[in-house]
Amino acid sequence: MIVIDSHRHKGLRHKLVKELERKGIKNQSILNAFRDIPRHFFLDVAFADWAYKDVAFPIDADQTISQPYTVAIQTMLLEIQPGDKVLEIGTGSGFQACVLSYLGCKVYTIERQKTLFDKTELLLKKLGFGRIRTLFGDGFQGAPRFAPYDKIIVTAGASELPRKLFDQLKVGGYMVIPYGTGDVQKMLRLTKGENNTVKKEDFGDFKFVPFLKGVNI
Ligand code: SAH
């Protein structure tokens with residue numbers, strides 16, 4: 001875990017932000033998050049430079065930190081308002097949770113891999129990101145104790161749409177979830193309407209590690 005941020009890292013971040021802009025990300029708050037959050041803190045020291053390439057990268061327990069562009073798109077689709085209560089499934093490195101916290105959300109984030117959970121919980125504490133509550137457990141169950149949520153973001157590829165999560169969403173709330181039964185998932189945004197109605201929008205193909213049931217201790 002590195003906690004030194006240098007001019008060189010800032011320069012690399014600046015380049016990454018330019019790249020995200022070129023790829024069509026226009027939301028200034030999201031771009032500011034990428035400019036300000038030292039993404040290399042979320043990777044092992046030896047791979048620090050990979051933090052600022054627009055690629056997914058392996059972290060512990062055979063998982064990945066999502067590609068920056070994917071984080072930007074999922075965050076954009078959530079249409080975050082400061083103060084939103086957001087549930088994230090798949091804490092992973094903790095980077096996405098920090099982006100949401102940076103945007104003023106109160107974040108609840110669940111991870112099923114114990115080793116990764118312990119490591120990331122420690123990192124988030126050390127970085128001092130406020131308003132992120134880390135939870136160890138199976139994301140399929142959500143976190144009913146803190147429901148309802150304004151927004152839910154799933155950062156693992158789901159082969160079924162988790163009903164229990166949808167139930168924990170406020171009316172008018174969004175769930176952004178990569179969904180598909182093959183190697184590639186469609187990025188869906190589900191909007192919860194009155195009487196449990198749902199509007200589905202499709203934002204194209206993405207590739208995620210699988211959304212798995214149960215926990216891994
Ligand atoms: N948001 C993360 C992306 C991590 S990859 C980041 O910013 O780095 C997806 C994560 O989802 C993995 O860590 C994986 O272990 C986790 N995951 C998969 N199925 C899960 C489940 N049922 N509950 C909680 N986490 C899950």
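Ligands are counted one by one from 1 in listed order, and the atoms in each one are counted from 1 as well.
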- [ ] Taking atom types as modelled, find out whether R39 and Y52 have a side-chain donor-acceptor pair closer than 3.5 angstrom.
- [x] no
Open item on the list: Does anything in residues 127-139 form a side-chain hydrogen bond (donor to acceptor under 3.5 Å, both in side chains)? List the pairs, not counting sequence neighbours.
Closed with: E121-T134
May I have the N/O to N/O pairs between ligand 1 and the protein that fall below 3.5 Å, each with atom names and distance to one decimal?
| unit_1 | atom_1 | unit_2 | atom_2 | d |
| --- | --- | --- | --- | --- |
| ligand 1 | 1 (N) | E88 | OE2 | 2.9 |
| ligand 1 | 1 (N) | G90 | O | 2.9 |
| ligand 1 | 1 (N) | T155 | OG1 | 3.1 |
| ligand 1 | 7 (O) | Q96 | N | 3.1 |
| ligand 1 | 8 (O) | S93 | N | 3.0 |
| ligand 1 | 8 (O) | S93 | OG | 2.6 |
| ligand 1 | 13 (O) | E111 | OE1 | 2.7 |
| ligand 1 | 13 (O) | E111 | OE2 | 3.4 |
| ligand 1 | 15 (O) | E111 | OE2 | 2.6 |
| ligand 1 | 19 (N) | L212 | N | 3.0 |
| ligand 1 | 22 (N) | D138 | OD1 | 2.9 |
| ligand 1 | 22 (N) | G139 | N | 3.4 |
| ligand 1 | 22 (N) | L212 | O | 2.5 |
| ligand 1 | 23 (N) | G139 | N | 2.7 |
| ligand 1 | 25 (N) | R112 | N | 3.4 |

- [ ] Taking the six-membered ring for Trp and the single ring otherwise, decide whether the centroids of F41 and F95 are under 6.0 Å apart.
- [x] no
- [ ] Write out all pairs satisfying salt bridge (charged side-chain N to carboxylate O under 4.0 Å, His left out) with one or both partners inside residues 206-217, taking only residues at least two apart or from two chains.
- [x] E160-K213
TODO: Not counting sequence neighbours, list each pair that qualifies as a side-chain hydrogen bond (donor to acceptor under 3.5 Å, both in side chains) and has a residue in residues 70-79.
DONE: T75-Q96, E79-Y174, E79-R189
Open item on the list: Under 3.5 Å, is there a donor on one side chain and an acceptor on the other for Q67 and D54?
Closed with: yes
